[in-house]
There are 2 protein chains.
Amino acid sequence: MINVKVTSQDVASRAGVSQSAVSRVFSGASASKATIAKVRKAADELGYRPNSLARAMITGKSKIIGLVVAYLDNQFYPIALQRLSESLQKQGYHILIFTAGNDAEATQKVIEELIDYQVDGIITASVGMSSNLTQHCATAGIPIVMFNRGQDGSGHSSITSANVEGGRKVAEFLTAGGHKRIAHIAGWEGSSTGRDRRRGFTEGLAANGQTPLDIIDGMFDRAAAAAATRTLMARSDPPDAIFVGNDHMAFAVMDTLRQELGLRIPQDVSVVGYDDVPLAAWGAYDLTTVRQPVNRMVEATVETILAKIEDPARPAQKIEIDGPLITRGSARIPKGWTP
Amino acid sequence: MINVKVTSQDVASRAGVSQSAVSRVFSGASASKATIAKVRKAADELGYRPNSLARAMITGKSKIIGLVVAYLDNQFYPIALQRLSESLQKQGYHILIFTAGNDAEATQKVIEELIDYQVDGIITASVGMSSNLTQHCATAGIPIVMFNRGQDGSGHSSITSANVEGGRKVAEFLTAGGHKRIAHIAGWEGSSTGRDRRRGFTEGLAANGQTPLDIIDGMFDRAAAAAATRTLMARSDPPDAIFVGNDHMAFAVMDTLRQELGLRIPQDVSVVGYDDVPLAAWGAYDLTTVRQPVNRMVEATVETILAKIEDPARPAQKIEIDGPLITRGSARIPKGWTP
DNA sequence: AGGGTTAATGCATTCGTATGCATAAGGAAT
DNA sequence: ATTCCTTATGCATACGAATGCATTAACCCT
């Protein structure tokens, strides 16, 4: 009771059985009713719980998933993290979490530490992987799933929303709304999400006979997005609509337009974001945006990684999940609009 | 190179030394220049990295800190998580993260799983601990630090901001501003933070000859806070100022006041929050609030838990860190106000 | 009652690293 | 050169649970 460490051996002695018997009871292997009862009783009395680390050593399965996440100030990620955590907990897995910005060096270090802990798999949220690192994980036999970021030819599985399609939807929506000078503050060019949304958007505009007024890389950063907004609005022909690469930046754009430049949204400028984080629905922003279906993305992520853990031979898959455009008050709504 | 698992034994063979020598090189114990070089070389060639789990088994130190966090939609916690993660990583520790709401049962389960993983310590962010659980951790010899939540008589260390003092500051500020009907949408009554802020606030009002117009428990929840706002404003003598128990709720209050009730802030109602999350500074809200100095709170948390890990005999300490009132545009600023 | 089959259990070993102990090697001092 | 001390290194064992193998108990059938 007062003893700090209770081992299966202790339980065995007290129950009058062998250590193996105790192990079998707790690992669900076969045992007679009688011994199960004896062991359970002794274990309860002693407060025994199996040591997960020792178990991990011998089985080679730590039941730990490494999670590397880049941004935590963008509300999208905490939400995703929460869902991931719940979902993995339910499956008996646990999350070893690391934060690493867009710093390749830091990412490298972090991933290696994850490997040291013998994680069964790694989920990266919006972080890139060098091919070097990829190799590392491959030889270590650790499956990787990229969440909200793809990487061509990396051989990793990835789960994203249908970003190209999403960009196109925004283009359709804004052109249908009669906008003639449409600008784009893009997500970071170094990310597949940023590039895909941009591509879908320009393609969508082209399909409607328009070209973007301007495209500026917002780096997924508030300050950069605010600066881009100023640049755009300082033009002699300022935009009448701005598609912003994610909600997090869109909020900065809206703040800048309203508080700093004294403009009205959507009367003077329409703003559309991407993600549909909870904050987008709050009254102060009421942002029209493309929804990334977090729940389904998380589900797919968990399924994918668990499947790959179970069968390492399973080929990588790139899953894209479609999300709707959610129309709110930040952008002019075309007459008779039905998405 | 292609081999999946490289052990210290493999390195030893290749370097022509014993396994102990390899161990000593990597654990920083003494070894001659010559062997260090040989071992390092062999290890590099094989891509060897020590197995943290095995190391944890033998040393009894996993270098893992368990983190249990309740709310992730309140921006305060992701930020704190990020800082905690960075700070602990720097000290060679890693975070096993769990989410658990205000559900005591879930908390229990989660903590037990943490113990199973032999974590060196546990940090709880805004989650309560039953005395039962407390006992559990104590016998397991695992130190606990409560972040942003205190618990009298629990014997745990806790790090909070000076909540009573903070509540008082708000009272002074609002009375100085000439407000006469001041209401409070409190943080959850079941939490020390909620209670302390409330107490400081009522004491502060009393010191200025006022009593709260009304106090409603907002449960740290947006919907509850919005409902409370409606209740307050439906009175025949609606408040001219509302102190809200944290920023997260304050945003909901502001949304309700402005979008739903068509009121102006601060002309019709002043709103003051608590936390000073980044979002509070964004243009759309521009919320006057009491800052919780996250950085210093995190520093103190890390220091406290590491100290307790190093010396388990060290007594629990309750640390309170003072934070300033940050005046912005959501509340009338008293003439000549200097905090 | 005896042979055969199945279920239960214990023994011994294993996972990969750290560490106490004993021994060997190297160096300094006389 | 001998002794003494320091520093390195290898050997063997330990951490705590899981598991293949061998043994034993239990049961069933004829």
Side-chain angles (χ1 to χ4, degrees), chain A residues 3-40 42-43 46-64 92 112-113 115-120 140-142, chain B residues 3-40 42-43 46-64 92 113 115-120 140-141:
Chain A
N3 195 4
V4 173
K5 296 283 174 198
V6 184
T7 74
S8 60
Q9 185 54 62
D10 299 335
V11 177
S13 310
R14 177 173 254 260
V17 298
S18 74
Q19 179 268 326
S20 338
V22 178
S23 167
R24 282 191 262 259
V25 169
F26 279 90
S27 60
S30 77
S32 69
K33 292 274 177 199
T35 40
I36 291 183
K38 278 190 294 185
V39 169
R40 281 256 133 77
L46 293 167
Y48 169 77
R49 309 208 89 219
N51 179 325
S52 296
L53 297 187
R55 179 175 280 179
M57 276 221 62
I58 192 88
T59 61
K61 311 253 121 224
S62 64
K63 290 284 187 175
I64 299 180
E112 303 218 300
E113 292 189 31
I115 298 178
D116 295 348
Y117 272 96
Q118 315 295 112
V119 296
D120 292 341
I142 299 181
Chain B
N3 195 6
V4 173
K5 296 282 174 201
V6 184
T7 72
S8 58
Q9 184 54 62
D10 299 334
V11 177
S13 310
R14 178 174 255 260
V17 297
S18 74
Q19 180 269 327
S20 340
V22 177
S23 167
R24 282 191 261 258
V25 169
F26 279 89
S27 60
S30 77
S32 69
K33 291 276 178 198
T35 40
I36 291 183
K38 280 190 293 183
V39 168
R40 281 255 131 79
L46 293 166
Y48 168 77
R49 310 207 87 219
N51 180 324
S52 296
L53 297 187
R55 178 175 281 178
M57 276 220 64
I58 192 88
T59 61
K61 311 253 121 224
S62 63
K63 289 287 188 175
I64 298 179
E113 292 189 32
I115 298 179
D116 295 349
Y117 272 97
Q118 316 293 114
V119 296
D120 292 341

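The model shown is predicted, which means the values in this text are computed figures rather than measured ones. Chain A is the first sequence line, chain B the second, and so forth, proteins listed ahead of strands; every chain is numbered from 1.
- Among the heavy atoms of the strands lying under 4.0 Å from S20(B) is at least one base atom, whether or not backbone atoms are also near.
- Among the protein residues, S23(A) comes within range of the nucleic acid bases, having at least one heavy atom under 4.0 Å from a base atom.
- Here V22(A) lies out of heavy-atom contact (under 4.0 Å) with every strand.
- Between S18(A) and dG10(C) there is a side-chain N or O to OP1 or OP2 distance below 4.0 Å.
- With DNA chain D read from its 5' end, the first of the two nearest nucleotides for I58(B) and A21(B) is the one closest to A21(B).
- Judged by distance alone, with hydrogens and angles left aside, Q19(A) brings a side-chain donor or acceptor within reach of the base of dA18(D), the pair sitting under 3.5 Å.
- A54(A) and M57(B) get closest at one heavy-atom pair: CA-SD, 3.7 Å.
- The phosphate of dT9(C) (OP1 or OP2) has a side-chain N or O of T35(A) nearer than 4.0 angstrom.
- Nucleotide dA18(D) holds its P atom 13 Å from the CD atom of Q9(A), rounded to whole Å.
- The only option from R40(B), K33(B), K38(B) that meets the side-chain contact (heavy atoms from CB on, under 4.5 Å) definition with I36(B) turns out to be R40(B).
- In this structure, CZ on R14(B) lies 5.0 Å from CG on L46(B), to the nearest 0.5 angstrom.
- Within the 4.0 Å cut-off from OP1 or OP2 of dA8(D), not a single side-chain nitrogen or oxygen of S32(B) is found.
- Within 3.5 Å, no donor on the side chain of T59(B) pairs with an acceptor on the base of dC15(D), nor the reverse.
- Phosphate contact (OP1/OP2 of dA17(D), side-chain N/O of Y48(A), threshold under 4.0 Å): present.
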